[in-house]
Amino acid sequence: KPFREQIEGFQKRINEVHDASIKGNTNLNAEIKKVLDIGLKMSEDAHNLTSALKGDSQQRGAWGEAQLRRTLEMSGLIEDAHFEVQTAFKDAEGKQKQTDYLIKLPDNKHIIIDSKVSLNAYDRAVSADTPESYSLAMADHVRAVRKHIDDLASKDYTNVVGMRSPSFVLMFMPIEPAYIEALKNNKDLFEYGYKKSIVLVSHTTLIPILRTVSNLWMMERSNAEAREISEKAGDIYNQVAIVAERLQKLGNTLGTVSNQYNQVIKGVAGKQGLYGKVDRFGQLSTKVSKSLPQLETIERDYETEPLTMIVEAIEEEDDPQLLSHNEQSVSAKE
C-alpha cells in the first residue's frame, strides 16, 4: 500500500508537469507566431519601400530629404532657427532656384545641403551573383553619382542673390553603404565633385559638420549673453555713479545748510547775538510769558556714547534665593 501511494503521487506529479509543459509550449508557439508575423510585416514594408524608391524618383527624393532632416535634428539643429527647408532664391538672370536645405550660420552666413538618392544601380550591385555583374552594376552606380554631381553643379547655388555661402555645396547621400562603395570603387569620385564645388557627404561625415554648426550657435548665444551682461553691467555702473553724484550734491547741500544754520544760531544765541540784546526786555516787561529756548549749533561729526548695561532689581519677596539675587543686582547697579 505505501508503495502504491508513492506510485500514484509520482504519476500525479508527472501529469502536472506534462500539463504545464503543454501550456508553456502553446504560449511559446503563440509568441513565435507573433514574432514571425512582425518579421513578415517588416519584410513586406521593406520590400514596398525598396520598390517605391526604385520606381519613383520623386519618392526617392522625398525619402532622402526625410533622412537629411532626421540627421539635422539629431545634430541639435532646429528648423527656422538653424535651418530652412525648400528656400527659394533668384539668380542674377531672375530665374528662381530652390535649395533642399539651407543651414544658417552666425553672421547671416549659409551652407547649402542637397539630398541625392542613387539606389537602382546600387541595388543591382548588392544583388549581383557574379563579380562581373557586380562590377557592371557598380560602374553604373558611380556614373549615377557623377550625374547627380553634374546636375547639382549646374544649379550654381552659391552665386544666387542673397546667398552668403562658401563656394561649395554639400551633396548628401542617405544610403551609407552606397556612399562607401561608390568612393571605394572610384577613388577619384570625391575629387571629381570637389573640383565642381560639390562635396560628397553621408550620415557619418555630415554629423561632425552639423555638430560644429551647432557649437557655433552655442558660442554665438554665449557671446550674445555676455554682451547683454556687459551692457547691463554698464547700465548698473552708470546708475550707481548717478546716485553717488546725487548723494554728493545732497551732502554739499546739507553742509551748506548746516553752516548757515550755525551762523544764524550764533547770531541769535551767541555771546554777541540777539539773545543778549533782548534779555533785559524779559526783566523789564510784565507781559513776558515765555522763556527763550536753548539753541545749540549742529556739529557735523558725531561721537556715539558707549553702551552701558543697566541691571535692574527684581522684586520677589517670597523666594529668598531670588531676593538674594535681587540684592546683588542692586549692588551691581550702584
Exercise for the section: Identify the residue among Ile112, Asp114, Leu170 that makes a side chain to side chain contact (heavy atoms under 4.5 Å, CB included) with Leu152. Expected result: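 Going through the options one by one, the only one that passes is Asp114.
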
Please tell me whether [X] and [Y] are part of a single hydrophobic cluster in this structure, the criterion being side-chain heavy atoms less than 4.5 Å apart.
X	Y	result
Leu216	Met218	no
Met74	Ile103	no
Val213	Met219	no
Phe168	Ile207	no

Heavy-atom closest contact ([X] atom, [Y] atom, distance):
X	Y	result
Tyr134	Ala125	CD1-O, 3.2 Å
Ala121	His141	CB-N, 3.4 Å
Ser115	Pro174	OG-CD, 4.2 Å
Phe190	Leu200	CE1-O, 3.6 Å
Ala182	Val142	O-CG2, 4.0 Å
Gly76	His82	O-ND1, 4.0 Å

Problem - Glu65 and Arg69: CA distance, side-chain angles, deciding distance, salt bridge (Lys or Arg N to Asp or Glu O under 4.0 Å) verdict - result: CA-CA 6 Å; Glu65 292 175 6; Arg69 173 188 285 273; over 6 Å; no

Salt bridge flag under 4.0 Å for residues [X] and [Y]:
X	Y	result
Glu245	Lys249	no
Lys147	Asp151	yes
Lys184	Glu181	yes

Could you grab the distance from atom [atom1] of [X] to atom [atom2] of [Y], nearest 0.5 Å is fine?
X	Y	atom1	atom2	result
Thr71	Phe172	OG1	CZ	4.0 Å
Lys109	Lys104	NZ	NZ	15.0 Å
Trp217	Ser222	CH2	OG	13.0 Å
His148	Ile198	NE2	CD1	12.5 Å
Ile78	Leu72	CD1	CG	12.0 Å
Gln67	Ile175	CD	CD1	9.0 Å

Practice task
Apply the test side chain to side chain contact (heavy atoms under 4.5 Å, CB included) to residues Tyr179 and His203: give CA-CA distance (whole Å), side-chain angles for both, the deciding distance (0.1 Å), then the verdict.
Solution key: CA-CA 10 Å; Tyr179 168 82; His203 281 288; over 6 Å; no

Practice task
Kindly indicate whether the side chain of Ile113, heavy atoms from C-beta on, has any atom under 4.5 Å from the side chain of Leu210.
Solution key: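 Yes, at least one pair of side-chain atoms sits under 4.5 Å.
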
Practice task
Please test Lys12 against Glu16 for side chain to side chain contact (heavy atoms under 4.5 Å, CB included), starting from the C-alpha separation and ending with a verdict.
Solution key: CA-CA 6 Å; Lys12 182 179 179 182; Glu16 291 176 354; 3.7 Å; yes

Exercise for the section: Examine distances only and state if a side-chain atom of Ser127 and a backbone atom of Asp123 form a donor-acceptor pair shorter than 3.5 Å. Expected result: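 Yes, because the side chain of Ser127 sits within donor-acceptor range (under 3.5 Å) of the backbone of Asp123.
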
Practice task
Check the angle between the aromatic planes of Phe83 and Tyr101 and answer parallel, tilted or perpendicular using the 30° and 60° thresholds.
Solution key: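 It falls in the tilted class, 30° to 60°.
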
Handout entry: Short side-chain donor-acceptor distance under 3.5 Å, Ser202 and Glu176
Key =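 Judged by distance alone, the side chains do pair up.
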
Practice task
Assess whether side chain to side chain contact (heavy atoms under 4.5 Å, CB included) is satisfied between Val145 and Met171, documenting all intermediate values.
Solution key: CA-CA 10 Å; Val145 175; Met171 178 178 144; 4.1 Å; yes

Exercise for the section: Could you walk me through whether Leu206 and Leu68 pass the side chain to side chain contact (heavy atoms under 4.5 Å, CB included) test, one step at a time? Expected result: CA-CA 9 Å; Leu206 180 60; Leu68 179 53; 3.6 Å; yes

